[in-house]
Each structure stands twice: as C-alpha cells, then as structure tokens.
Number of protein chains: 2
Amino acid sequence: MTIGVIATLKIQDGKGPEFEAFFTELAKQVRANEPGNLAYQLTKSRTEPNTYKVLELYKDQDALTHHGGTDYFKAAGAKFGAVLGGRPEIEYLDGVG
Amino acid sequence: MTIGVIATLKIQDGKGPEFEAFFTELAKQVRANEPGNLAYQLTKSRTEPNTYKVLELYKDQDALTHHGGTDYFKAAGAKFGAVLGGRPEIEYLDGVG
C-alpha cells in the first residue's frame, strides 16, 4: 500500500535559505537512490511565514522505513537543529487506490 | 515552478466506499492524460475519521489550471455533492528546488 507523508517544518526567521540549500540536496539524494520513493517535494506555504511542507509518497511501508535509515537522511537530520523553529509535525497517511 | 496541492476532503459517514470508487477512477484519468501532473494520490487519515487528503504535484501553474478544466474533473465534481460532509479545504503550496 502506498504511504503518504506530509512533514510540516517551521524554520527560524532568516534561516530559510540555509534550510532550502541543504534540503534540496537531500531531496536529490532521495530521488536518485530510493526506487521506493514516488515523490519527495519541498514546498513553501503561501500563508504561514517560515513554514515549509514536504509532500512525500512511498510505494509501501518498507520504502518509508528504508528512507529513514539512509546515511544521507541521518546526516541531514543533524543539520535541522540549527534551522528549525519548532517541533516538526509529521503526518502519515494511508494510500487509497 | 512546481506547485503542490493538499486537498482535505471530509466525507459523510458511510459514503467512503462510494467516494473512493469514483475518486480512484478520476486519479487514473489524471495520470493517463496530464503529463504536467507529477503526483495525484488519494490518502486516508489515520487519525481523523472519514477524512481523506489528496496529495498533488504539478510541474507548473499551467498544469494545475489545465487539470481543473478537464471534462473528467468537472464530471467528478458533480459527484462530490452526494458524498462530501463539509467544505473541502484546498491548500496551494509553492515548490522549492
């Protein structure tokens, strides 16, 4: 079953460019290395300042589990601490159809 | 610029199967006919009953505008009235990277 993820990330004022730079590099690695990842798109809210949402799709739970265990994801995780302005909200969704 | 959409749809109690049936047909048509659509995945909330989220990605605004004007999208729109339990929430997001 396809799994969807919406990760909402609030970034500190002024840290947007730094965040966007390392996150877009992360996204390239996800797309290049994870055949079970179907979408991994960073987006920015039009209404909430400093707020980003990552839209993610995985072909199944195994693909999502694999994603979280990659070296590049763990390395990016260490960089989040310097830019996050609050606790990330991660919503998991069950694919239909 | 990539455009993301999160469409949150609250469906009437007991109407889930009817909704899922016509929406998954709609999704097939979107994927088959819209090269500018990069993702169109129906998902179901794990926490909110009768609540679905559609995760959508388009390569640009033109692709999103085209999607809304297709005959099959308009035809599906007419079916929503029988199953929706509230006003849909449609969030538009600007792609980064």
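Proteins get letters first, then strands, A, B, ... in listed order; numbering begins at 1 in each.
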Select one option (side chain, backbone, both, neither) describing which atoms of [X] are under 4.5 Å from chain A's heavy atoms.
X        : result
Val5(B)  : backbone
Leu57(B) : side chain
Leu38(B) : neither
Thr24(B) : side chain

* Pick whichever of Ile3(B), Thr43(B), Thr2(B) has the most heavy-atom pairs under 4.5 Å with chain A. =>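 Of Ile3(B), Thr43(B), Thr2(B), Thr43(B) has the most heavy-atom pairs under 4.5 Å with chain A.
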* Looking at Glu56(B), Lys44(B), Arg46(B), which makes the most heavy-atom pairs under 4.5 Å with chain A? ->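 The option with the most such pairs is Arg46(B).
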* Asked: Is the CZ atom of Arg87(B) crowded by more than 12 outside heavy atoms at less than 6.0 Å?
  ->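 Not more than 12 within 6.0 Å, no.
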* To do: Count the heavy atoms of every other residue, nucleotide or ligand shown that sit under 6.0 Å from NZ of Lys59(B), and state whether that count exceeds 12.
  =>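 Atom NZ in Lys59(B) is not crowded, with 12 or fewer foreign heavy atoms closer than 6.0 Å.
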Can you hop from [X] to [Y] via hydrophobic side chains spaced under 4.5 Å?
X        : Y       : result
Val54(A) : Ile6(B) : no
Tyr72(B) : Leu9(B) : yes
Leu42(B) : Met1(A) : no

* Asked: Quick one: CG on Asp94(B) to OH on Tyr52(A), what's the gap to the nearest 0.5 Å?
  ->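 That separation rounds to 11.0 Å.
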* **Test: Glu91(A) and Lys53(B) ion pair at under 4.0 Å** =>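 A salt bridge links Glu91(A) with Lys53(B).
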* Test side chain to side chain contact (heavy atoms under 4.5 Å, CB included) applied to Leu93(B) and Leu55(A), step by step -> CA-CA 10 Å; Leu93(B) 299 149; Leu55(A) 276 59; 4.0 Å; yes
* Specify the closest pair of heavy atoms between Gln41(B) and Val96(A), including all atoms of both residues, with the distance to one decimal. =>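 That would be NE2-O, 3.3 Å.
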